K.L.:
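Questions regarding the structure given below will be posed in turn.
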Amino acid sequence: MRYLDHFPNADLRAIEAFLQEKAQWLAQGKKGSERFRLPYESVQHIRAAECDFSSDVVSIGRADELSRQDREKVYKAMRDFMPWRKGPFEVFGITIDAEWRSERKWNRALPELPELKGKIVADIGCNNGYYMFRMAHLKPKLVLGFEPYLQHYFAFKTLNGFAGCGNLLCELLGVEHIGLFRKGFDVIFLMGILYHRSSPVEVLREIRAALKPGGVLIVESQGIPGKEPWALFPKQRYAKVPGTYFVPTAACLENWLSRAGFSGVKIFFSHPMSSREQRRTEWMVFESYADYIDQANPALTVEGYPAPIRIFARADNPL
Ligand SMILES: C[S@@+](CC[C@H](N)C(=O)[O-])C[C@H]1O[C@@H](n2cnc3c(N)ncnc32)[C@H](O)[C@@H]1O
């Protein structure tokens, strides 16, 4: 069965045409595509005998499974995928300490997740698939990752090439394609995406259209503190990040979700960001959270805006 057969209501023609275009573009080996395709291909022959997705560190393969030669190849491929934003991973004994302690986000979301067993799930902006591997432990039928960037797409394909999880897939799709999957998903994860979109309510409406009736959305977003239903709209950058549009309070996010047609909207967690959670490591050697925040006043970003919090919400697509 092709995985797209799981989506009987989707606009398959449009999805397939887009994916074919991407595949052709990759096959032409255009400059830029090789940088991450070649590391992926260099270790394609390697499979892991043992994986563990049940705890904070996603573990794929043991150190003693590989010859010295293959271990060197894996190490080189992993270094080629730097900077590693999401993790931690342990890959054939190689510890990859990523910029983000992603297990913290996952552990906050976990108690509020609906049943994933046997479900069709989307992870939008899945990056290298850290959360998809954590989901795999909960036995979904399919997790489809949407990730338009080649670096992350090939990092995921490399990791899953080792791990061999047939129910985890990633495509070079963006959140802008979610509407094509009409009534397709039981659960959609939208984490770290919403503040990068110039029309957040429109995105939420499209996401609702891609959920089955009764389906569940889990949202995690950067936000600002405050009780009023407001969103900050930065002039250029927010915490040095370009492409940031609306940064909501929790009350504002709640209103967005309700007005996009979701029911049972629940803000279930929020917390201030910190450099314990997002920091420079050996696997991400550039600026990180501490560099984005006013040294004299950690309640402000370097631009003088309120420093970010992270907000978690769950919402239902009405039956
Ligand atoms: C801030 S990260 C969040 C990653 C992960 N979901 C998390 O919560 O830790 C944003 C991710 O979205 C991806 N991305 C960028 N543009 C996108 C788009 N148009 N649609 C979906 N994802 C996108 C980025 O490459 C990156 O992996």
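Atoms within a ligand are numbered from 1 in the order they appear, just like the ligands themselves. Keep in mind that what you see is a predicted model, and the values were worked out from it rather than measured.
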K.L.:
Could you pull out the closest heavy-atom pair between Ala290 and Gln295, with the gap in Å?
P.N.:
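Nearest heavy atoms, Ala290 then Gln295: O-NE2, 3.1 Å.
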
K.L.:
Should the pair Glu72-Arg68 be classified as a salt bridge under the 4.0 Å nitrogen-to-oxygen rule?
P.N.:
yes

K.L.:
Of the choices Lys105, Glu220, His196, Glu147, which has the non-hydrogen atom that lies closest to atom 26 (C) of ligand 1?
P.N.:
Glu147

K.L.:
Under 3.5 Å, is there a donor-acceptor pair between the side chain of His196 and the main chain of Ile193?
P.N.:
no

K.L.:
Using only atom types and a distance under 3.5 Å, with no angle test, would you say the side chain of Asn317 pairs donor to acceptor with the backbone of Leu211?
P.N.:
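Yes; judged by distance alone, with no hydrogens or angles, the pair exists.
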
K.L.:
Please classify the Tyr131 to ligand 1 contact at 4.0 Å (heavy-atom distances, strictly less than): side chain, backbone, both or neither.
P.N.:
side chain

K.L.:
What heavy-atom pair brings Pro83 and Met284 nearest, and what distance separates the two atoms?
P.N.:
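Taking Pro83 first and Met284 second, the nearest heavy atoms are CB-CG, 3.6 Å.
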
K.L.:
Counting non-hydrogen protein atoms only, what is the nearest one to atom 20 (N) of ligand 1? Give residue, atom name and distance.
P.N.:
Val175 N, 2.8 Å

K.L.:
Looking at Arg47 and Glu65, is there a salt bridge between them, counting it only when a charged N and a carboxylate O are closer than 4.0 Å?
P.N.:
no

K.L.:
Heavy-atom distances under 4.0 Å decide this one: backbone, side chain, both or neither, for Arg197 against ligand 1?
P.N.:
side chain

K.L.:
Quick one: does ligand 1 sit under 4.0 Å from the side chain of Ile193, the backbone, both or neither, non-hydrogen atoms only?
P.N.:
side chain

K.L.:
Tell me which protein heavy atom sits closest to atom 11 (C) of ligand 1, plus the residue, atom name and distance to 0.1 Å.
P.N.:
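Answer, as residue, atom name and distance: Gly125 O, 3.8 Å.
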
K.L.:
Please list the nearest protein heavy atom to atom 15 (C) of ligand 1 with its residue and the distance rounded to 0.1 Å.
P.N.:
Tyr149 CE1, 3.4 Å

K.L.:
With heavy atoms of Asn127 as the reference, note each atom of ligand 1 found under 4.0 Å away.
P.N.:
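Contacts of ligand 1 toward Asn127, numbered from 1: 26 (C), 27 (O).
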
K.L.:
Is the shortest side-chain N to carboxylate O distance from Arg310 to Glu277 below 4.0 Å?
P.N.:
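No, Arg310 and Glu277 are not salt-bridged.
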
K.L.:
Does Arg279 make a cation-pi contact with Trp100, if we ask for NZ or CZ under 6.0 Å from the ring centre and within 45° of the axis?
P.N.:
no

K.L.:
Counting heavy atoms only, which part of Tyr195 comes closer than 4.0 Å to ligand 1: side chain, backbone, both or neither?
P.N.:
side chain

K.L.:
Would a distance-only check, ignoring hydrogens and angles, find a side-chain to backbone donor-acceptor pair under 3.5 Å from Asp186 to Ile120?
P.N.:
yes

K.L.:
Can you list the atoms of ligand 1 that are under 4.0 Å from a heavy atom of Glu176?
P.N.:
18 (C), 19 (N), 20 (N)

K.L.:
Could you tell me the residue and atom name of the protein heavy atom closest to atom 10 (C) of ligand 1, and the distance to it rounded to 0.1 Å?
P.N.:
Gly192 O, 3.6 Å

K.L.:
Side chain or backbone of His152 under 4.0 Å from ligand 1, or both, or neither, by non-hydrogen atoms?
P.N.:
side chain

K.L.:
Quick one: look up the protein heavy atom nearest atom 3 (C) of ligand 1 and list residue, atom name and how far away it is.
P.N.:
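For this ligand atom, the closest protein heavy atom is Met191 O, 3.6 Å.
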
K.L.:
Should one rank Pro148, Gly145, Cys126 by closest heavy-atom distance to atom 23 (C) of ligand 1, which comes out on top?
P.N.:
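Of the listed residues, Pro148 has the closest heavy atom.
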
